[in-house]
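What follows is one structure encoded as structure tokens, with my remarks underneath.
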Amino acid sequence: MLDPSEIYAVDPAVAAEVEARTAGGSGPVLVHAVRGFVDAGGAGRLAAEHLTEQLPTERLATFDVDQLLDYRSRRPTATFDGDHWGEYDEPELAVDLVRDTSGVPFLLLHGVEPDVQWERFVAAVRQIVERFDVPLTVGLHGIPMGIPHTRPLSVTAHANRPELVADYTSWFGTVQVPADAGSLLEIRLGQSGHDAMGFAVHVPHYLAQSPYPQASITALEHVQRAAGLELDLGALTAAAEETRLEVERQVEESAEVGAVVHALEQQYDAFTRNIGRPSLLAETSELPTADELGEEFERFLAEQRGDGPGL
């Protein structure tokens, strides 16, 4: 592997500030939301944009995207203005120093996901984690699910140490899916003894291609809980309400769409009644195990098909 330190540059003044604030104690948490993989509803992208726009931010590290991107497979946008090229949407991948509403610093890795040199990129992030004594790395993004927008959003929590997600329900068994840089980062950090976890927000599949601020709110609420941060979600809350009203308007105007949403509501409510919970978001230590959930879901499906009790 080529030297990981040669694909990013650290601002010495900001680095000194981080090191001074954390001298003798734990370093800042690292939150990451890079674009390029599945991100239903723009959950991770909107969350990252919200944090950099609403909270005090300084650029700590900048990655050399020329070494990490395949421009021909993911072409940036250029603007042609009458008789000249006016603007170029320059891709970036960076780590910012951000302060929450109480002034607590944390790091935010955001921008475009690398197309190439994943191992080198992950090794570079690990260097940053170790240099600044990062105690926990937290990733976030959205995944499409067959749920209605009229019910609370749930999450799939994952971590490289079971204790980090002990209070969360596992909604999936063993599955193979396309990897992304974030999943590789979690694996490699665990192998080197660093805690890492993430949250995949379940987004209604019919809203997966549109910005869905409520998914970002859900993701950041779980980040707050895991990392002990206080994040101002006010702007996202207002945007989420506007989106909800627009979705409701479109549902009311289309009987076909309304029927789909109603069917999803019935399926959601029947399943949650069957497992004795009012909300799929209510993760507590008293939740049923994954095996119990699987058995209940099998029973639910059998009842819907009219096969009789439990398979």
Side-chain angles (χ1 to χ4, degrees), residues 1 4 18 22 24-34 37-39 43-44 47-48 51 95 98 100 104-110 113-114 118-143 153-202 218-231 280-294:
M1 181 194 303
V18 176
T22 58
S26 178
V29 168
L30 171 65
V31 178
H32 65 91
V34 296
F37 187 51
V38 175
D39 188 26
L51 293 175
V95 178
V98 187
D100 76 356
V104 176
F106 66 96
L107 305 182
L108 176 64
L109 169 61
H110 63 106
E113 179 188 37
W118 278 9
E119 292 285 5
R120 191 182 184 198
F121 164 70
V122 166
V125 176
R126 191 181 75 183
Q127 288 182 344
I128 292 172
V129 165
E130 293 175 347
R131 174 174 177 177
F132 298 105
D133 296 320
V134 172
L136 177 67
T137 299
V138 187
L140 51 99
H141 70 284
I143 56 175
L153 300 183
S154 53
V155 301
T156 291
H158 48 86
N160 55 22
R161 215 164 39 83
E163 294 82 1
L164 295 173
V165 291
D167 292 339
Y168 288 87
T169 297
S170 174
W171 299 106
F172 299 96
T174 301
V175 295
Q176 288 187 321
V177 298
D180 67 313
S183 60
L184 179 62
L185 176 62
E186 185 174 304
I187 291 170
R188 294 291 185 252
L189 286 178
Q191 291 171 344
S192 58
H194 301 288
D195 284 348
M197 64 187 304
F199 300 104
V201 183
H202 304 161
T218 299
L220 291 176
E221 287 175 341
H222 286 280
V223 169
Q224 288 183 134
R225 173 184 173 186
L229 297 172
E230 296 181 14
L231 307 175
L280 291 175
L281 186 61
E283 289 101 354
T284 72
S285 57
E286 298 178 355
L287 289 175
T289 66
D291 288 341
E292 290 170 339
L293 284 171

Between side-chain atoms of residues 173-182 and protein atoms elsewhere (two or more places apart, or another chain), which donor-acceptor pairs fall under 3.5 Å?
unit_1 : atom_1 : unit_2 : atom_2 : d
D180   : OD1    : S183   : N      : 3.2
D180   : OD1    : S183   : OG     : 2.9
D180   : OD2    : G182   : N      : 3.4

Can you list, pair by pair, the side-chain donor-acceptor contacts under 3.5 Å of residues 128-140, counting residues two or more places apart and other chains?
unit_1 : atom_1 : unit_2 : atom_2 : d
E130   : OE2    : H194   : NE2    : 2.9
R131   : NE     : E19    : OE2    : 3.3

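The minimum heavy-atom distance between G44 and D39, with the atom names listed, is N-OD1, 2.9 Å. The minimum heavy-atom distance between F106 and D100, with the atom names listed, is CE2-N, 4.0 Å. For the pair F37 and E113, the tightest heavy-atom approach, listed with the atom from each and the gap, is N-OE1, 3.6 Å. In terms of heavy-atom proximity, A196 sits nearest to L189 at CB-CD1, 4.0 Å. What you find for A48 and L108 is that their closest heavy atoms are O-CD2, 4.0 Å.
Here the side chains of V31 and V98 are not in contact, with every heavy-atom distance at 4.5 Å or above. Within the 4.5 Å cutoff, side-chain heavy atoms of L220 are placed close to those of L51.
In this structure, the side chain to side chain contact (heavy atoms under 4.5 Å, CB included) partners of H158, at least two apart in sequence or on a different chain, are E186. Contacts of R188 classified as side-chain hydrogen bond (donor to acceptor under 3.5 Å, both in side chains), with partners at least two apart in sequence or in another chain: E119, Q191. Residues satisfying the side-chain hydrogen bond (donor to acceptor under 3.5 Å, both in side chains) criterion with D195, sequence neighbours excluded, are R161. Not a single side-chain hydrogen bond (donor to acceptor under 3.5 Å, both in side chains) links H141 to another residue, sequence neighbours left out. Under the side chain to side chain contact (heavy atoms under 4.5 Å, CB included) criterion, P105 pairs with R21, L97, not counting sequence neighbours. The side chain to side chain contact (heavy atoms under 4.5 Å, CB included) test applied to A124 returns P4, I7, Y8, F63, not counting sequence neighbours.
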* Output, in order, the C-alpha distance, side-chain angles, deciding distance and verdict of side-chain contact (heavy atoms from CB on, under 4.5 Å) for V165 and M197. => CA-CA 8 Å; V165 291; M197 64 187 304; 3.9 Å; yes

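Checking T156, I143, L153 one by one against V201, the side-chain contact (heavy atoms from CB on, under 4.5 Å) holds for a single residue, L153.
A distance of 3.5 Å separates CZ in R225 from OH in Y168, rounded to the nearest 0.5 Å. A distance of 11.5 Å separates CZ in F199 from OG1 in T218, rounded to the nearest 0.5 Å. Atoms CD and CG, from E221 and L231 in turn, are 10.0 Å apart once rounded to the nearest 0.5 Å.
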